2 protein chains.
Amino acid sequence: MSISRSSPYASALSPEFAISGFLAQRPTHGYDLYQRLTDELGQVWYISLSQVYNILKRLEDQGLILGETETQDKLPARRLFHLTEAGQQRFETWLRTPTGCSVRAIRVEFTTRLYFALAREHSLAHSLIDAQAAAIRSGLARLETSLDELPAGQRFNRLGLALRIGQLTSILDWLGACWPDLGLSE
Amino acid sequence: MSISRSSPYASALSPEFAISGFLAQRPTHGYDLYQRLTDELGQVWYISLSQVYNILKRLEDQGLILGETETQDKLPARRLFHLTEAGQQRFETWLRTPTGCSVRAIRVEFTTRLYFALAREHSLAHSLIDAQAAAIRSGLARLETSLDELPAGQRFNRLGLALRIGQLTSILDWLGACWPDLGLSE
DNA sequence: CAAGATATACTCACTGAGTGAGTATATCTC
DNA sequence: GAGATATACTCACTCAGTGAGTATATCTTG
C-alpha cells in the first residue's frame with residue numbers, strides 16, 4: 001500500500017514513465033496502454049502485455065495511479081487508471097530532468113522523454129535535446145579522461161571504454177540530427 | 001534442484017557466462033570471482049558482490065557448477081566452485097556462438113566472449129570478431145529496410161530506428177579497430 | 001600498542017523485470 | 001456454423017539487482 005522505503009532503482013529503465021505519460025494525456029486502461037506502447041513507442045520499448053499490468057499494479061500500490069473498474073455492455077470490464085496528484089507530479093519532474101549518461105538510459109529513457117515533450121510543447125523538446133547533448137558532452141569528456149588514465153596494460157578495459165565512447169559519440173550525432181529529422185527545423 | 005522448464009531468458013544479459021568463464025580457467029570462490037569481474041571486466045559489467053552469489057546459487061541449482069566448502073586456517077571458510085560437465089559444455093558452446101544484434105547484447109555479451117576467447121586462443125578471437133561483424137552487417141541491412149518501410153508519418157519510430165542504426169554502425173567501426181587496438185594486428 | 005579501517009568471505013530478505021500460460025466473451029471472416 | 005482474432009485481464013513463476021547484516025583477521029596510524 002504505502003512505501004516506507006523508496007525504490008532502490010533508478011527505475012527509469014522500465015517503461016513506467018511511458019505509461020505515466022500516456023495516463024497524463026488521458027485516463028485509460030491496460031490493454032490500450034499496451035497498444036499505444038507498441039504502436040507509438042515500439043522502436044523504443046519492447047514489452048509484453050502482462051508486463052504492462054505488472055507495472056500498473058506496482059504504480060497503484062505505490063499510490064501513483066488509481067484505477068476504477070468500468071463495466072461495459074458487451075465487452076469485458078476494464079480498469080480505467082488515472083494519475084494521482086503524486087503520480088502527476090512525479091511525471092512532470094521526470095519530464096524535465098535530463099537522463100544520465102549510460103548508453104541504455106539515453107537510448108530508451110531520453111527517447112521516451114522526448115516523445116512526451118514533443119506531444120506537449122516543441123520548446124520543451126528543444127531544451128531537452130540541448131540539455132541532453134550537454135550532459136553527453138560532459139560524460140564523454142569524463143570517459144576520455146578515464147581512458148587516458150587507464151594504463152596501456154589494461155587493454156581490455158581500454159577497449160570497453162573505447163566502445164562506450166563510440167556509442168556516446170554516435171548518440172551525440174543523432175541528437176544533432178534529430179531536430180531536423182522531426183521536420184521541425186527551426 | 002533440477003530444472004523441468006528451461007530458462008525463459010536469453011540469459012546472456014547477466015554476467016553468468018563471465019563467471020563460468022573464470023571458473024573454466026580454474027575453480028575458485030565467490031569473493032575472488034567478484035574481484036576478477038571488477039578488475040578485469042569492470043568496464044563491461046557493473047555488478048555487486050551479492051549479485052555474484054545470486055548467480056552462483058542459481059548456477060548450482062541448475063547443476064552447471066558445484067561448490068565444495070573449504071575451511072581455512074585463519075580466514076573465513078569459503079566455497080570453491082568448479083564447472084560440472086554440463087556447465088563446461090554450456091560455456092564452450094556459448095564461447096563460439098555469435099551474439100544477436102541488440103546493442104546491449106553486443107556491448108556486454110560479445111565483449112565478454114571476446115575476453116575469454118583472447119585468453120584461450122587468438123585465432124578464436126579473430127574468427128569471433130569476423131563473425132560478429134558479419135552478424136551486425138546483416139542486422140544493419142534489416143534495420144535499414146525497416147526504416148525504408150516505415151511510413152514517413154511514423155516520425156518517432158523512424159527516429160528510434162535511426163538511433164539504433166547509428167549505434168550499430170559505431171559498433172561496427174569499433175570492431176574494425178579492436179584487433180589493432182589490442183596490439184595484435186595481423 | 002590500541003583503535004579503527006580495510007580485507008576476507010558469505011547470507012538473507014527484499015523489490016522489480018520480464019515471461020508464458022490461462023480465462024472468458026464478443027465480433028469478424030470464410 | 002466453425003474458427004480465428006480482438007478485447008480485457010489474472011496468476012504463478014524465474015531472474016536481476018540492491019542493501020544491510022555477520023564474523024574474523026590483518027593492516028594502518030596516531
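Not measured: the values here are computed from a predicted model. Quick note on labels: first sequence line is chain A, next is B, and so on, each numbered from 1.
Look at CZ on B:Arg58: it is 9 Å from C1' on D:dT14, rounded to the nearest Å. Protein atom CG of B:Asn54 is 16 Å distant from nucleotide atom P of C:dA17, rounded to whole Å. Atoms CG (B:Leu64) and P (D:dC15) sit 11 Å apart, rounded to a whole Å. As rounded to whole Å, 15 Å separates atom P of D:dC11 from atom CG of A:Leu56. The distance from atom CZ of A:Phe17 to atom P of C:dA17 is 11 Å, rounded to the nearest whole Å. Rounded to an integer number of Å, the gap from A:Phe81 CZ to D:dA8 P is 13 Å. One can place CD of B:Glu16 at 12 Å from C1' of D:dT14, the figure rounded to the nearest angstrom. Rounded to a whole Å, the CD1 atom of B:Ile19 is 14 Å from the P atom of D:dC15.
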Report task. Could you give me the CA-CA distance, side-chain angles and deciding distance for A:Arg104 and A:Glu109, then say whether salt bridge (charged side-chain N to carboxylate O under 4.0 Å, His left out) is met? Result -> CA-CA 8 Å; A:Arg104 172 158 167 85; A:Glu109 196 195 353; over 6 Å; no

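Linking ILVMFWY side-chain heavy atoms closer than 4.5 Å, directly or via other members, places A:Ile65 and A:Leu49 in a single hydrophobic cluster.
Nearest nucleotide to the A:Gln62 side chain, out of C:dA9, C:dG16, D:dC9: C:dG16.
The partner of C:dG22 is D:dC9, judged by Watson-Crick or G-U wobble contacts that both fall below 3.5 Å.
Sparse packing is recorded around CD of B:Glu85, with 12 or fewer heavy atoms of other residues, nucleotides or ligands lying under 6.0 Å away.
One side chain, A:Thr99 or A:Arg113, offers a donor N or O that lies under 3.5 Å from an acceptor on the other. Between the side chains of B:Glu92 and B:Gln88, at least one donor-acceptor pair of N or O atoms lies under 3.5 Å.
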Query raised in the report: What string of B, S and - do you get for nucleotides 24-29 of chain C 5' to 3' if you count protein non-hydrogen atoms under 4.0 Å?
Result: --SS--

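Evaluation of the side-chain hydrogen bond (donor to acceptor under 3.5 Å, both in side chains) test over residues 155-169 of chain A, restricted to residues two or more places apart or in two chains, returns A:Gln154-A:Asn157, A:Arg164-B:Gln43, A:Gln167-B:Ser170.
Taking only side-chain nitrogens and oxygens, A:Gln51 never comes nearer than 4.0 Å to OP1 or OP2 of C:dG16. Here A:Gln72 reaches the OP1 or OP2 of D:dA8: one of its side-chain N or O atoms lies under 4.0 Å away. For the pair B:Tyr53 and C:dT11, the criterion of a side-chain N or O lying under 4.0 Å from OP1 or OP2 is not met.
Within residues 23-50 of chain A, the residues approached by DNA chain D to less than 4.0 Å at the level of any non-hydrogen atom are A:His29, A:Gly30, A:Tyr31, A:Gln35, A:Leu49, A:Ser50, in residue-number order.
Annotation for A:Leu95 and A:Leu124: closest pair CD2-CD2, 3.9 Å, computed over non-hydrogen atoms.
Mapping A:Ile55 and B:Ala77 onto DNA chain C by nearest heavy atom places B:Ala77 closer to the 5' end of the strand.
B:Arg58 places a side-chain heavy atom less than 4.5 Å from the side chain of B:Glu16.
No donor-acceptor pair closer than 3.5 Å links the side chain of B:Trp174 to the backbone N or O of A:Gly160.
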